[in-house]
Amino acid sequence: PVTLGWIGQSVNFKFLDGLDGVFHELNKFMNFNLLVVADKDFYSKNANVVNKRWSPDLEVSYILEMDIGLMPLEDSEWSRGKCAFKAIQYMAAGVPAVASSVGANLELISHRKNSYLAFDMQDWIESIKELAESFELRNEIGKSSRASIEDRYSLNVVSARLYDLFINLHKL
């Protein structure tokens, strides 16, 4: 089975609960596990959930167990103000993400190039299905995901930006 994954705090399970209908539909044509890495167990009547406790030492190894990383959000002022950290984590590990088309996700993700954006339930289903059906596609999108994170957030890129900022501070 393909492993869909989600990492986060249990206070945000409400967003994962929002995918219950997606999981129900996915069950009709594919076999999948849902790996949830959090501070508490997550339960779903429509997904075979594998719960793992988050720890800083195991976080990366858990993300690497995922075939597809999930970042569902509601379209709210709070969600529009969030950074795309969950997607950044997946993508940095070379795991393609499927993320709600909200806030920073729109800036980070180039749809079907370095991960997928989902606008509605049908997009979630089609995006997960497309990635789940092809190891080659997951691998290709995963490599593109990793490259885009390196291009924007690697130590070399960020340190160069900080250097330029400090050098130009006197101009302010």
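A quick note: this is a predicted structure, and the numbers were derived from the prediction, not measured.
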- Starting from the C-alpha separation in whole Å, work towards a yes-or-no answer on side-chain contact (heavy atoms from CB on, under 4.5 Å) for F42 and N51. CA-CA 7 Å; F42 177 78; N51 285 294; 3.7 Å; yes
- Item | Residues, nucleotides or ligands: over 12 heavy atoms within 6.0 Å of F135 CZ | no
- Task: Please check if atom OH in Y163 has more than 12 non-hydrogen atoms from other residues, nucleotides or ligands closer than 6.0 Å.
- Result: no
- Geometric class of the F32/F23 ring pair [parallel <30°, tilted 30-60°, perpendicular >60°]: tilted
Determine whether a donor-acceptor pair (N or O, by modelled atom type, separation under 3.5 Å) exists between the side chain of [X] and the backbone of [Y].
X    : Y    : value
S79  : E74  : yes
H24  : N46  : no
N114 : A147 : no
N105 : A84  : no
S159 : N156 : yes
R146 : A92  : yes
R138 : A132 : yes

- Please identify each residue that fulfils side chain to side chain contact (heavy atoms under 4.5 Å, CB included) with E140, with sequence neighbours left out. none
- Item | With K143 via side chain to side chain contact (heavy atoms under 4.5 Å, CB included) - residues at least two apart | N139
[atom1]-[atom2] distance between [X] and [Y], expressed to the nearest 0.5 angstrom:
X    : Y    : atom1 : atom2 : result
L16  : N12  : CG    : CG    : 10.0 Å
L117 : W124 : CG    : CH2   : 9.5 Å
T3   : N48  : OG1   : CG    : 9.5 Å
L155 : E150 : CG    : CD    : 12.0 Å
M71  : K82  : CE    : NZ    : 5.5 Å
L35  : L4   : CG    : CG    : 9.5 Å

What's the shortest heavy-atom distance between [X] and [Y], and which atoms?
X    : Y    : value
R53  : Y62  : O-CE1, 3.3 Å
A99  : I109 : CB-CD1, 3.7 Å
S115 : A97  : OG-N, 2.9 Å
S145 : V95  : OG-O, 4.3 Å
K40  : S10  : CD-OG, 3.6 Å
I128 : I68  : O-CD1, 3.8 Å

Is there a path from [X] to [Y] through hydrophobic residues (I, L, V, M, F, W, Y) whose side chains come within less than 4.5 Å of each other?
X    : Y    : result
L106 : L73  : no
I149 : V60  : no
F29  : L131 : yes
L137 : L26  : yes
M91  : Y153 : yes

- Run the numbers on E59 and V37 for side-chain contact (heavy atoms from CB on, under 4.5 Å), then give the verdict. CA-CA 8 Å; E59 179 178 51; V37 180; over 6 Å; no
- Task: Check whether any side-chain heavy atom of R152 lies under 4.5 Å from a side-chain heavy atom of L108, and answer yes or no.
- Result: yes
- Hey, are the side chains of L70 and L34 touching, using non-hydrogen atoms and a 4.5 Å cut-off? yes
- Begin from the C-alpha positions of S44 and D20 and carry the test side-chain hydrogen bond (donor to acceptor under 3.5 Å, both in side chains) through to its verdict. CA-CA 7 Å; S44 171; D20 199 52; 3.1 Å; yes
- Message: Salt bridge or not between E25 and K28? Use side-chain N to carboxylate O under 4.0 Å.
- Response: yes
- Query: When you look at I141 and Y116, which way does the side-chain contact (heavy atoms from CB on, under 4.5 Å) test go after all the steps?
  - Reply: CA-CA 9 Å; I141 298 290; Y116 285 60; 4.2 Å; yes
- Verify side-chain contact (heavy atoms from CB on, under 4.5 Å) between K86 and I7, making sure each step is shown before the conclusion. CA-CA 7 Å; K86 205 179 296 312; I7 188 167; 4.0 Å; yes
